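Model, not experiment: these values are computed from the prediction. The basis for the numbers below is simple: all heavy atoms, side chains too, and nothing from hydrogens, waters or symmetry mates. Letters A, B, ... mirror the listed sequences (proteins, then strands); counts begin at 1.
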Amino acid sequence: MIYICSMEKKVRVRFAPSPTGGLHLGGVRTVLFNYLFAKKHGGDFIVRIEDTDQTRFVEGAEAYIFNTLAWCGLTPDESPLHGGPYAPYRQSERKASYKQYADQLVNAGFAYYAFDTPEDLEQMRAQYKTDENPSPQYNHLLRTKMRNSITLSEAEVAALLAAGTPHVVRIKMPLDETVSFTDMIRGEVSFNTSQVDDKVLLKADGMPTYHLAVVVDDYLMKITHAFRGEEWLPSAPVHILLWKYLGWSAEMPEWAHLPLILKPDGNGKLSKRDGDRLGFPVFAMDWTDPKTGEKTTGFKERGFLPQAFVNLLALLGWNDGTDNEVFTIDELIAAFSMERVHKGGAKFNYEKALWYNQEWIKRATAADLADQVAETLAAAGTTASNREVLLRVIDLVKERCTLMADFVTQGSFFFMSPSEFDTASIQPKWTDQKNMFFIELSKAFESSIVWEAHDLEKTFKEIAAAHDLKPGELMLPLRIMLVGGKFGPGVFDIAAIIGKEETVNRIQKVLSILEHN
RNA sequence: GGCCGGUUCGUCUAUCGGUUAGGACAGCCCCCUUUCACGGGGCAAAGACGGGUUCGAUUCCCGUACCGGCUACCA
């Protein structure tokens, strides 16, 4: 027998989000693994919007998803936004195409109509709930006790259908069969069909559930590899069976169930709440819930570089087998392989995330950072109009910034005089002698012809010696005069950049503050 | 409860039968630095447990424990 090897087919993967809110870490990582795998194999990355639940529709969520992908630089080859040969890419717009497959399954005896109302189901669950079985399933046992085309006569079913009675289509899980498949990450996984319930395939409103839609669309869109979170593992047998019942087994994609991203403390899936509670972002970008108005901050607005965000996500559950942890997207594409994705979930570590961002800021050139830094500064009320100066400042301070916002504290004083001076740190040891020194220093600076760090330091030391003072006890006062506080790069580098006039002004300003205290 | 999955330093992880079990983040110490960082050096820190298989198991198998996921006309 000749098989068409999947390696000969063009790789096509899809990310299929439900537009119900902000995109969280785990979601972006799923996108990333899809993207890396596709690009690694010269394939296509498709985004398909799974908006089959009309009750959960959230305004703006879809646009948010695309904005996030754009920020991360993970551009889809096909999507509702980018178009493509298999449009539409929104399941709500594909609604009409699902019913025929549901009917096909019913006609073949693999699925059936169920007329139970939500109240009926609720009652059933209440009735059969016991301590041993806290959540009774609509399965091979219970379906015989419900109102469906298995328990009802053919005539009754026909009459109900003709009367337009609301109904769903459910898969008829076979009794005691073993369904197994090879997961790219976990190897062989198998299930006994008696343990799986009769999932709804087509809802009463005519929309498919995820179970039907994912199979139909993956087939129609010629998806070759299906990656999703581990939470989908339990429903995999339903999907495998559907591929089989629809007669598409030969084209079924390879599956990979990605490990979950866990909360840093305790256990369990990472949620938005954990971020709020522990003080770090969980969403990629800011998200405001249109209904509640609740705002959630994202990694972007928190001051992360997209390269760092992508990098840290890739290394959460994957590594290339070496000690290398910092990768560009191109390096990730080159190094990526599903075989090296972990099975176990990973607790999210915000400290490590900060480290990645700092690494990326350190490695970026001043020119790379300039626009963003200027923007960050502007948002904080500081105008950096001179690009030349801005570049010098960035080079001087970037290794002390872990978040973009750090450029505000580390960089503002280059462009405007500090609004506050930490004089409390120098006051106790302040003397007339020091006062005299700074008066003379400011005069000397004022009459300087050259204005470079090296010369300024030389002048500073000469005058200090003349006053019989150690440079060490004068450095901190000078720093506070120029910076406002005990931080920042070398004082003379700072003086060199802010210029003669500003340097002298700041020295005199603090001198007068000290005098009045 | 049932089903499925997972388990190496506090955290992320390397190891694809033989290693002093390696690296990174965080922590601590030292050096560099007349601030804060960066950088350099060092310390401390791990195979859940019990059985097998094997000359030899962190690695392969089984059981137990623990953790997680799922158990909707949600994805």
Side-chain angles (χ1 to χ4, degrees), chain A residues 16-20 50-53 55-56 114 116-118 121-122 125 129-139 166-170 183 185-186 189-192 194-197 199-211 213-214 228-237 257 259-260 262 264-269 312 315-326 339-340 342-356 358 362 397-402 406 409-410 425 470-476 478-480 483 485-491:
Chain A
S18 170
T20 53
E50 309 237 341
D51 53 351
T52 53
D53 186 353
T55 65
R56 294 218 304 165
D116 317 281
T117 64
L121 294 173
E122 208 175 301
R125 291 194 181 103
K129 183 176 170 177
T130 60
D131 284 347
E132 293 74 45
N133 184 13
S135 40
Q137 294 186 309
Y138 202 121
N139 60 11
H167 62 278
V168 301
V169 173
R170 284 181 182 273
D183 186 281
I185 295 170
R186 289 150 214 286
V189 183
S190 47
F191 301 83
N192 184 304
S194 297
Q195 303 290 343
V196 184
D197 62 334
K199 292 265 183 260
V200 169
L201 266 20
L202 200 68
K203 300 187 260 190
D205 64 2
M207 276 289 206
T209 57
Y210 172 84
H211 306 296
V214 74
R228 58 188 3 176
E230 189 185 342
E231 69 268 26
W232 288 108
L233 211 38
S235 55
H257 291 87
L260 265 17
L262 279 10
D265 60 336
N267 294 299
K269 235 189 332 182
L312 73 91
L315 273 282
L316 215 47
W318 173 87
N319 71 82
D320 74 344
T322 73
D323 287 339
N324 189 14
E325 295 187 274
V326 180
E339 292 71 47
R340 294 201 62 88
H342 264 259
K343 294 182 178 75
K347 289 186 184 178
F348 180 66
N349 184 340
Y350 187 55
E351 295 299 327
K352 188 75 183 249
L354 288 173
W355 176 79
Y356 275 107
Q358 187 173 26
K362 262 170 16 198
V397 307
K398 68 179 184 185
E399 59 264 342
R400 39 205 102 206
C401 298
T402 55
D406 294 332
T409 39
Q410 295 293 337
S425 295
K470 278 179 276 184
E473 34 184 351
L474 301 166
M475 292 289 262
L476 184 65
L478 180 58
R479 168 170 299 281
I480 290 189
V483 177
K486 290 188 270 190
F487 59 91
V491 262

Discussion item. What is the distance, to the nearest angstrom, from the CG atom on A:L354 to the C1' atom on B:rU11?
Written reply: 14 Å

Response to the item:
Per nearest nucleotide of RNA chain B, the residue lying toward the 5' end, A:V491 or A:W232, is A:V491

Worksheet, complete the sentence: Taken to the nearest whole Å, CD/A:E231 to P/B:rC67 is 20 Å

Discussion item. With a 3.5 Å distance limit and no angle check, can you tell me whether A:R228 reaches the backbone of A:A16 through a side-chain donor-acceptor pair?
Written reply: no

Fill in: Residues A:T322 and A:N324: side-chain donor-acceptor under 3.5 angstrom
no

Review item, nucleotides 40-47 of chain B N/O atoms under 3.5 Å of protein N/O:
none

Worksheet entry | Counter-base of B:rA65, judged by Watson-Crick or G-U geometry with both distances under 3.5 Å | B:rU7

Worksheet item: Rounded to whole angstrom units, what separation is found between the CD atom of A:E230 and the P atom of B:rU71?
Response: 14 Å

Practice prompt. Quick one: list whatever passes side-chain hydrogen bond (donor to acceptor under 3.5 Å, both in side chains) with A:R186, sequence neighbours left out.
Written response: none

Discussion item. Could you tell me how far apart A:K129 (NZ) and B:rA72 (P) are, to the nearest whole angstrom?
Written reply: 11 Å

Worksheet, complete the sentence: From CG of A:N349 across to P of B:rA24 the rounded distance in Å is 15 Å

Practice prompt. Write down the distance between NZ (A:K199) and C1' (B:rA75), rounded to a whole number of angstrom.
Written response: 12 Å

Discussion item. Any base atoms under 4.0 Å from A:T209, or only sugar-phosphate, or nothing? Heavy atoms, all strands.
Written reply: sugar-phosphate

Practice prompt. Indicate whether OP1 or OP2 belonging to B:rA75 is found under 4.0 Å from a side-chain N or O atom of A:T52.
Written response: yes

Worksheet entry | Short side-chain N/O contact to B:rG2 OP1/OP2 from A:N133, under 4.0 Å | no

Worksheet entry | OP1 or OP2 of B:rC73 under 4.0 Å from side-chain N/O of A:H167 | no

Fill in: B:rU54: pairing nucleotide in any strand, Watson-Crick or G-U under 3.5 angstrom
none

Worksheet item: In whole angstroms, how far is the C1' atom of B:rU13 from the CG atom of A:L312?
Response: 15 Å

Worksheet item: Any side-chain N or O of A:K347 under 4.0 Å from OP1/OP2 of B:rC67?
Response: no

Worksheet item: OP1 or OP2 of B:rG69 less than 4.0 angstrom from a side-chain nitrogen or oxygen of A:R228, does that happen here?
Response: no

Worksheet item: Reckon A:L260 touches a base, only the sugar-phosphate, or nothing at all at heavy-atom distances under 4.0 Å?
Response: sugar-phosphate

Which atoms of nucleotides 36-38 of chain B (N or O only) lie under 3.5 Å from a protein N or O atom, and what are those distances?
residue : atom : partner : partner atom : Å
B:rC36  : O4'  : A:K486  : O            : 3.4
B:rC36  : O2   : A:R400  : NH1          : 2.2
B:rC36  : N3   : A:R400  : NH1          : 2.3
B:rA37  : O2'  : A:E399  : O            : 2.9
B:rC38  : O3'  : A:K362  : NZ           : 3.4

Worksheet entry | Upstream residue (5' side of RNA chain B) when A:P134 and A:K269 are each assigned their closest nucleotide | A:P134

Worksheet item: Rounding to a whole Å, what distance do you find between A:F191:CZ and B:rC4:C1'?
Response: 5 Å

